[in-house]
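Below, all heavy atoms of this structure are taken into account, side chains as well, without hydrogens, waters or symmetry copies. Sequence lines set the chain letters: A, B, ... in the order given, protein chains first and strands last, and positions in each chain run from 1.
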Protein chains: 2
Amino acid sequence: MGNNQLFTPAQTGRASEDIALQIEAAILGEKILPGERLPSERELQAQFQTGRGVIREVVHALKQKGLVEIRKGGKGGAYVKKVDVVNAGESLSLFLKQNRVDIDQIVEFRESLDRTITTLAIARADRDKKQQLVTATEKLRDFLEQPEPDLEQLGELDRNLNIRLAQMTGNQIFEWVMRALQSGFSSKDYTLYEDREFREKTIENWCETARHIAANEPSKALLSTSAHYLLLQQLVARKKNGTT
Amino acid sequence: MGNNQLFTPAQTGRASEDIALQIEAAILGEKILPGERLPSERELQAQFQTGRGVIREVVHALKQKGLVEIRKGGKGGAYVKKVDVVNAGESLSLFLKQNRVDIDQIVEFRESLDRTITTLAIARADRDKKQQLVTATEKLRDFLEQPEPDLEQLGELDRNLNIRLAQMTGNQIFEWVMRALQSGFSSKDYTLYEDREFREKTIENWCETARHIAANEPSKALLSTSAHYLLLQQLVARKKNGTT
DNA sequence: TACTGTTTTTTGGTAGGTCCAAAAGTGGGA
DNA sequence: TCCCACTTTTGGACCTACCAAAAAACAGTA
């Protein structure tokens with residue numbers, strides 16, 4: 001970026017916020033493209049006519065927001081990241097954690113989300129994607145055949161299925177919300193998959209749903225989805241009664 | 001270099017992140033309750049045996065996450081905030097801004113969200129709340145009678161209506177997502193309300209929807225909602241053709 | 001030339017200090 | 001009692017120094 005005055009010195013007052021806004025605007029305004037790097041902390045310090053501490057705070061705030069990635073050493077610095085859908089931001093997760101949102105609410109929301117996603121996925125995704133979904137669910141079922149399946153890995157596969165389905169809507173927001181929600185969900189995971197019956201029925205249900213989606217049968221697919229959430233609600237209710 | 005460290009992630013981890021996690025855990029674990037304050041930066045510096053810069057970074061990261069609020073002066077410091085649903089986190093907003101998510105996608109998502117919310121609101125909210133919704137929509141219509149309505153204020157009222165409706169579901173997550181989405185939506189606002197016809201039809205539609213909700217008529221309410229989004233999609237399409 | 005190991009430079013990370021400004025408390029005088 | 005100046009607390013900014021990691025530059029050898 002050289003010596004052209006992309007940034008102006010901070011005004012007196014909340015210097016850090018001012019600088020943060022300038023840099024953030026530069027990133028969002030694509031003055032600095034993803035993959036490029038901001039000047040080093042010491043350069044920024046000179047450009048903004050400020051202390052390095054301020055710059056560090058700013059850069060770290062950007063890092064926290066997921067806008068940049070920091071590398072050290074020669075050619076290190078703050079590299080602008082493309083905020084992709086993977087970065088599901090922890091704000092929802094934090095909200096779920098601190099407010100002790102009831103798991104029923106999460107389930108309810110996920111059900112409504114899933115129904116829409118299923119419908120859209122059937123309407124929009126191409127044959128290949130749908131077939132891949134079926135294959136993935138069958139792989140999951142095979143995985144479950146093991147006498148001692150790794151529950152953590154199982155959860156991971158399940159999450160991936162959900163995300164894959166969300167991607168099939170062609171609408172990034174569904175994927176974003178799904179990811180955000182799952183990071184919050186796993187944080188209050190009641191280790192649902194420990195229940196063997198639930199686990200088997202759920203996977204079977206997944207396979208069924210995937211088949212309906214591949215067959216372009218929205219109403220049947222929605223029925224499977226509902227069945228899944230019915231199962232989930234029952235289990236959650238049991239767990240609750242068991243622990244309280 | 002001892003080879004015994006080959007498999008451990010090594011403690012190259014930054015002290016600041018470590019400290020941040022400790023404090024965050026203390027807050028989320030309710031060791032420190034909302035309203036209480038963390039020790040002062042200098043005290044923390046002493047407790048953690050570290051430099052003040054590190055502490056400042058940590059505290060500001062927490063502030064950025066919305067977990068604390070910083071006051072200065074005597075009795076100042078980092079006060080723990082209750083992360084309420086209002087704090088809709090900017091991660092979604094950032095995502096929408098940087099990825100140039102198409103406005104159609106936002107509209108599509110909002111429509112699906114609104115349909116669920118409407119259904120749930122009818123099922124769950126009590127008479128009073130529903131009546132208040134009707135009153136609020138009528139107030140909005142009256143506001144529109146002015147020859148020169150303040151568009152910004154109008155948008156604000158509209159947002160409040162949406163949030164009020166989301167609250168009526170009794171599920172905080174809907175409210176959270178609605179808020180997050182709106183902060184992102186307004187950032188790519190095509191100044192839709194500038195179109196006088198759209199504005200009037202929309203408000204009229206709002207009144208109608210509210211009445212259907214108050215009358216416990218889910219299917220009619222959903223019809224109004226659909227009509228609203230149809231209108232919105234048309235306008236967006238027109239704007240798009242006009243600008244590209 | 002090509003590879004290899006060392007040294008230098010760049011850059012973030014940490015430590016500790018000084019000073020400033022704002023906010024709350026403190027106390028004296030009208 | 002009330003108001004104003006003074007003091008204390010605390011975050012905000014700035015600075016200097018040094019450490020550690022990573023890349024680049026370099027030297028040495030085959």
Search all heavy atoms of A:Gly35 against all heavy atoms of A:Tyr79 and return the closest pair with its distance.
O-CD2, 3.4 Å

DNA chain C: A:Glu41 or B:Arg42, which has the more 5' nearest nucleotide?
A:Glu41

In whole Å, what is the span from the NZ atom of B:Lys72 to the C1' atom of C:dA23?
9 Å

Earlier contact from the 5' end, DNA chain D, for B:Leu38 and A:Gly74:
B:Leu38

A:Asp18 CG to D:dA13 P, straight-line distance once rounded to whole Å
11 Å

Whole-Å distance, A:Glu43 CD to C:dT10 P, equals 11 Å

Find the distance B:Glu69:CD to D:dG12:P and express it as a whole number of Å.
12 Å

Helical bend (five base pairs per end, nearest 10°) for the helix from C:dT1-D:dA30 to C:dA30-D:dT1:
10°

Note: A:Glu175 and A:Ile163 closest approach over all heavy atoms is OE2-CG2, 4.0 Å

Check each residue of residues 45-60 of chain B for a non-hydrogen atom within less than 4.0 Å of any atom in DNA chain D, then write out the ones that pass by number, or none.
B:Arg52, B:Arg56, B:His60

Is the closest basic N to carboxylate O distance between B:Glu17 and A:Lys63 below 4.0 Å?
yes

For the side chain of B:Ile70, counting heavy atoms from C-beta on, which of C:dT11, D:dT10, D:dG12 is nearest?
D:dG12

Atom-pair distance (CD1 on B:Ile19; P on C:dG13), nearest Å
14 Å

Between B:Asn162 and B:Arg110, is any side-chain donor less than 3.5 angstrom from a side-chain acceptor?
yes

Could you point out which residue of A:Glu57, A:Gln64, A:His60 forms a side chain to side chain contact (heavy atoms under 4.5 Å, CB included) with B:Gln64?
A:Gln64

Rounded to the nearest 0.5 Å, how far does CG of A:Asn171 lie from OG1 of A:Thr169?
5.0 Å

Just the rounded figure in Å: distance from C1' of C:dA21 to CZ of B:Arg71.
17 Å

Please round to the nearest 0.5 Å and tell me the distance separating atom CG of B:Leu154 and atom CD of B:Gln146.
9.5 Å

Answer yes when B:Glu145 and B:Arg199 have at least one side-chain N-carboxylate O distance shorter than 4.0 Å, and no when they do not.
no

Return yes if some donor-acceptor pair links the side-chain N/O of B:Glu36 with the main-chain N/O of B:Leu33 below 3.5 Å, else return no.
yes

